[in-house]
Amino acid sequence: MNMEDLWTLEGLLLDKNNDGVPDGVSLYIDLPDNLYPLGLLDFMVRVGLETTALSFNFFEFTNQKVVMSFEKNETETRASFESGKLHIYYTSEEALSSLLSSIAGTELRENLVKDNAQSSITSISDIWTLSGFGYLQEASPQQHLNINIGCEKWNKQLFKATCNFAARLGLVSTSITLPIAQNKNAEIQFIIQQHNQSFIEVPKENIIQLNGSLDQCANMMEWLANERSWKENGVLGAWENAFHYAHFKNKEETMLEVKWDNPSEIELAEKHLESLANNQIQKVEVYVSEPLEIRSLLKNKWSEKYKNIQEITVRSSFKPGFHWIKEELIHQIPANAKKIKIKVKEHHLENSLELPIRWIQELYPIDAIIENETSISKENVQFELDNQLKHTYEVVTLLDDGTVYHLGSLDVECSKVPYVDGERFAAPTTSCIVFSSETGKAVMHFPSDRERFYQFYLTDFLPQLLDGIGEIKGEKGLTQPLFDQMEVEVWMSEEEERLSVNEERTSPLEALYEDIYFNTLDYFEDLGTKLIGKPYIAVGAVVPIMHVAKGENPRASIKVTKWHQLNKNEVKTKELFFEKNVPTKVRLEVNGHIDLWDIDELLTMWEQTKIDDTTVPNSVLVDYSFRGRPIHVIEKYLPSNEQFDNPLKMTLFKPTVLIECAHHPNEVSSNIAVHRLLERLESNNELLKKINIVAIPLANPDGHYLLKKLTKEHPEWKHHAARYNAVGLEFAHIRYKNTIFGESNVLPELMKRWAPDVVIDNHGIPAHEWVQPFAGYNSPPRFPVSYFIPSAKIYGIGRYSNELGTDVARENLEKIVKDMSEIYETTNIPKQNEYWRSRFRKYGHDWLPEIFPLEVHGNINFYKERIVTPTYSAVSILRYPEWVAADIISEVADEVVYGDVLEECVEAQYLFNLSILQTVSNSNVDMKRNGNTLYRERPLEITIRGEYI
Ligand SMILES: [Zn+2]
């Protein structure tokens with residue numbers, strides 16, 4: 001047998017779970033006493049390099065496949081490998097050492113893989129990190145080991161422990177520089193030396209020293225070889241946590257508290273009616289933003305009270321056209337009507353934010369309401385846009401005998417409200433009284449309760465807020481928020497009605513909530529752009545809390561808490577002292593200050609700092625959210641049951657797919673969907689023979705916590721305030737930065753740990769109409785396209801770099817989309833997608849295709865155009881175009897849904913992810929080697945799917 005066969009499954013490697021990937025080592029080393037050949041360290045590092053998992057059982061005989069034995073010989077040094085026996089004859093320890101090194105493959109070969117990442121060590125807690133050995137600046141599929149282990153004197157225990165350590169170093173590397181002993185030029189120097197104290201130290205970058213007596217060094221080496229990061233259930237580095245997470249104890253401090261109250265719009269309307277009490281008036285139409293029951297009461301009350309008015313109608317000033325048709329016209333539709341035509345005036349007002357079709361949008365979903373209440377299908381309710389129309393709306397119906405019957409017309413009144421940029425304005429429908437008499441018409445405007453509050457917020461409150469924030473400099477507004485949290489609590493008498501169509505509702509207060517939330521973000525984006533040429537994107541948490549207070553006068557209270565500038569403490573473990581073989585004291589450097597601590601004391605401090613102790617079995621705790629909630633990651637791969645395994649090595653042999661869920665927690669389905677997927681993998685792990693899966697089930701626990709709070713009062717609102725992190729930051733923008741916002745570190749850590757081929761990011765869109773009267777009625781102007789109603793039950797977005805790896809990425813995306821369309825074929829998702837597509841067309845795309853874009857691929861909408869796809873640099877495929885093969889977002893209409901509708905969304909997300917997993921699982925992975933470098937071609941080329949699993 002050839003010596004190279006040693007490094008195969010025929011040799012000392014194992015494949016216990018039959019997936020063709022080495023996942024263990026079966027080697028017994030029968031090491032004689034007083035023999036310490038340094039070449040055995042090279043041999044061990046090579047053993048580790050060849051496998052994805054191993055255990056430290058090299059020095060106890062447990063019926064291993066390969067037995068390595070040594071025999072002193074006078075004449076020659078040579079090895080033979082026959083029937084599981086690796087027998088080595090040697091003349092001297094030195095000759096033996098060289099032979100072992102050469103079996104490991106010491107001959108220096110040019111390293112052909114260019115972007116091998118090399119990690120560095122500046123702290124003892126860097127020795128084992130989530131990404132292996134050392135701290136990695138950037139993620140890479142390759143990790144190189146270049147270390148020298150120096151020791152003047154050995155004993156058997158120390159030598160064996162060092163062999164184990166070497167094997168583990170090899171395991172976490174994809175390439176190695178040999179030899180790892182007597183190599184003074186190595187990047188990392190690991191020195192074992194005699195000392196009267198027992199401690200490990202990192203005196204300088206990339207120098208690790210083990211100090212102590214021979215026995216103490218042996219014990220420390222054993223400890224080190226077996227230890228893990230606290231994130232992987234070890235203790236390494238746990239003593240630093242009280243400093244890393246010192247901000248959990250951040251105290252709340254009020255910056256600003258403001259109260260607002262006002263007469264109700266009903267009182268304003270009454271004043272106007274009162275002022276005309278002496279005039280004879282034929283007809284009065286009052287428009288107020290009030291619930292139907294209040295408006296009915298008012299109509300009765302005013303008809304009684306104002307006998308000078310012949311006829312009083314009280315209409316809604318929120319979506320007046322919609323409510324007019326719903327409350328008044330529907331009952332007048334003749335039984336033999338077969339079609340309704342609604343002529344709508346085109347909206348054109350210079351500098352106003354509304355779209356030309358805003359009067360069509362404001363009718364949504366009237367066609368479905370008509371369908372529910374008459375015999376006319378919604379397809380037979382048609383809109384006609386006309387810029388010459390005399391009224392805002394004219395409704396005619398076509399009877400089955402061909403006659404055209406005029407149902408009515410309506411003129412809608414608007415006001416003018418400046419937008420937060422001070423340049424554009426919104427023209428929301430307004431409350432008013434329209435008097436008609438023989439001499440003509442007169443209109444008296446009075447702003448609705450919502451509008452008066454919003455005006456106060458804009459012109460009175462926001463400047464106060466700016467004052468409170470004070471000077472904005474440095475990272476403020478960019479990576480550090482301007483304030484901590486702002487609660488905008490509002491009580492108003494408004495309609496709150498669930499409609500008979502899908503998830504639709506009439507909710508002026510939800511609209512106000514969205515305006516407060518998004519327009520505040522826009523206000524600061526605009527301010528930053530004007531002041532420093534960059535938008536302020538780190539504002540603070542904006543939390544609108546709305547109370548429906550029927551019949552009450554409007555009031556509000558706003559409370560803002562201060563943000564205390566927090567920087568991440570720089571913590572390094574410089575020295576670790578041992579007593580009776582366990583670490584007891586530590587010398588820490590915190591922001592440059594060095595102190596000696598008792599480890600027990602530090603761990604007690606951490607217990608007191610910690611606010612959430614939730615554990616999840618079989619998970620990795622990658623980081624804590626800003627408010628101290630642990631973010632667990634679940635990793636699924638075919639288990640090896642070995643003591644140690646290495647994610648990066650597993651990705652070398654199989655493609656890895658990373659799935660991020662609940663980044664925006666008000667998008668409620670992905671967390672449930674991914675648990676369903678993980679359960680399926682638990683009971684049927686066929687897929688895991690071909691791929692590894694990494695899931696972040698809840699990427700944003702602080703947002704999730706806020707969502708729970710907000711849904712108590714309004715369970716079915718969209719709750720966009722719960723999208724971002726605890727201080728209102730889109731934490732995707734601060735990934736790959738040194739930050740205290742732990743939620744933004746999770747994806748970067750996993751990119752380093754796994755170097756995944758495919759990254760999936762599960763998201764959601766509103767399940768019902770999204771309107772903002774004070775931002776142009778449509779979804780907010782910050783988005784280039786409209787999200788006013790869902791365009792699909794589920795759709796996808798594919799991203800790729802325009803520069804590098806584009807061809808492969810484009811083809812990969814095409815394959816993924818093709819397969820996905822097929823997998824949806826047998827479900828009811830195509831029908832649901834088609835339903836929403838046709839709604840989206842009717843209320844948007846047919847009129848303004850650029851603002852309501854559709855990219856249909858079979859059974860799914862899939863966007864690859866840059867206008868929809870995010871482009872910021874933290875997007876995985878844009879950061880790592882050389883090796884990420886696909887980067888995909890799902891969007892499902894799940895903001896915020898329950899019951900059957902939630903189940904539809906969960907199933908759609910589940911299939912979306914499963915489809916990608918199946919497609920990727922059929923790709924060929926060809927691990928290659930060049931000397932002691934293992935690699936594969938990246939980005940992965942995803943082949944056409946074979947059979948479903
Ligand atoms: Zn989202």
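Counting starts at 1 for both ligands and their atoms, following the listed order.
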(request) Could you pull out the atom name of the N/O/S atom in His763 that is nearest the Zn ion (ligand 1)? (result)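 For His763, the N/O/S atom sitting closest to the Zn ion (ligand 1) is ND1.
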
(request) Write the atom name of the N, O or S atom in His664 that is nearest the Zn ion (ligand 1). (result)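 Within His664, restricted to N, O or S, the Zn ion (ligand 1) is closest to atom ND1.
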
(message) Please identify which of these residues, His663, Glu891, Glu667, Arg723, meets the side chain to side chain donor-acceptor pair (under 3.5 Å) condition with His763.
(response)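 By the side chain to side chain donor-acceptor pair (under 3.5 Å) criterion, His763 pairs with just one of His663, Glu891, Glu667, Arg723: Glu667.
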
(request) Mark yes when over 12 heavy atoms from residues, nucleotides or ligands other than Asn618 sit less than 6.0 Å from its CG; otherwise mark no. (result)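 Not more than 12 within 6.0 Å, no.
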
(request) Please report the C-alpha distance between His719 and Tyr513 in whole Å, then the side-chain angles of each, then the deciding distance to 0.1 Å, and finally whether the ring pair (Phe, Tyr, Trp, His ring centres under 6.0 Å) criterion is met. (result) CA-CA 8 Å; His719 291 301; Tyr513 169 128; 5.5 Å; yes

(request) Could you tell me how the ring of Phe783 sits relative to the ring of Trp770: parallel (under 30°), tilted (30 to 60°) or perpendicular (over 60°)? (result)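 Rings of Phe783 and Trp770: perpendicular, over 60°.
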
(message) With a cut-off of 2.8 Å, does Glu667 put an N/O/S atom close enough to the Zn ion (ligand 1)?
(response)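 Yes - counting backbone and side chain alike, Glu667 has an N, O or S atom under 2.8 Å.
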
